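Report on one structure; see the data block that follows.
What you are looking at is a predicted structure, and each value in this text was computed from that prediction instead of being measured. Per chain, numbering begins at 1; letters A, B, ... match sequence-line order.
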Amino acid sequence: EAAVTQSPRNKVTVTGGNVTLSCRQTNSHNYMYWYRQDTGHGLRLIHYSYGAGNLQIGDVPDGYKATRTTQEDFFLLLELASPSQTSLYFCASSDGWGQGYEQYFGPGTRLTVL
Amino acid sequence: AQSVTQPDARVTVSEGASLQLRCKYSYSGTPYLFWYVQYPRQGLQLLLKYYSGDPVVQGVNGFEAEFSKSNSSFHLRKASVHWSDSAVYFCVLSAQTGFASALTFGSGTKVIPCLP
């Protein structure tokens, strides 16, 4: 069954720490996305990619890097984590880029920065 | 820029009663609209989507939504709520931008079924 998985599911780090969130999709989709979810804001797009080696900037990219190593794998990197990055992070994938392409979401990673 | 407004952060509804979740959008182009549901400790799942045609679209689990261009709305409805409908519901706008279609999320409405 096609799926989007994320690891870890929960992560606690300290201010200034280095964190990598992982996402893998078995949908054979070209597009992958990283979002953060905060109360009162819905989901906001951090970065996205349309293939291995490609990276596009989303709406809230500051403090985040990302890398797409294969069609399946997309990583979100926080090199100097700050408390403002405490959030619930979702990865998603989609088959195409036009309007109407459904995005399939992973279960989320809860990150706490102390 | 596009936006989506869900004016109700929480809705409490008796089991068996009807439910309506409100959604208003702002977008200069032709909107493609979704409703997603997030059950506790899970990712988001698609309930239904609308692009054109019949303004009333049917989704999973007895949900339906009605699109109104004149009101810039896409309200979600269910005739009879069950306790398993306890979740957060997101109205989402798909707008063409750059290389991908950006999804703009509303802030979500938490549905809390209660005993009648």
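- At least one donor-acceptor pair under 3.5 Å links the side chain of A:Arg68 to the backbone N or O of A:Thr70.
- Residues satisfying the salt bridge (charged side-chain N to carboxylate O under 4.0 Å, His left out) criterion with B:Glu15, sequence neighbours excluded, are absent altogether.
- Proximity to chain A is limited to the backbone of B:Thr30, based on heavy atoms less than 4.5 angstrom apart.
- Taking the six-membered ring where tryptophan is involved, the planes of B:Tyr89 and B:Phe63 are tilted, since the angle between them lies from 30° to 60°.
- Interface remark: B:Tyr50 contributes no atoms to any contact with chain A (heavy atom separation under 4.5 Å).
- Heavy atoms closer than 4.5 Å to chain A are found nowhere in B:Gln6, neither backbone nor side chain.
- Using bins of under 30°, 30° to 60° and over 60° for the plane-to-plane angle, the ring pair B:Phe105/B:Phe90 lands in the perpendicular bin.
- Between chain B and the options A:Gln37, A:Arg44, A:Arg9, the largest number of non-hydrogen pairs under 4.5 Å is found for A:Gln37.
- Contacts between A:Leu45 and chain B at a heavy-atom distance below 4.5 Å are absent for every atom of the residue.
- Below 30°, between 30° and 60°, or above 60°: for B:Tyr32 and B:Phe34 the angle between ring planes is below 30°, a parallel geometry.
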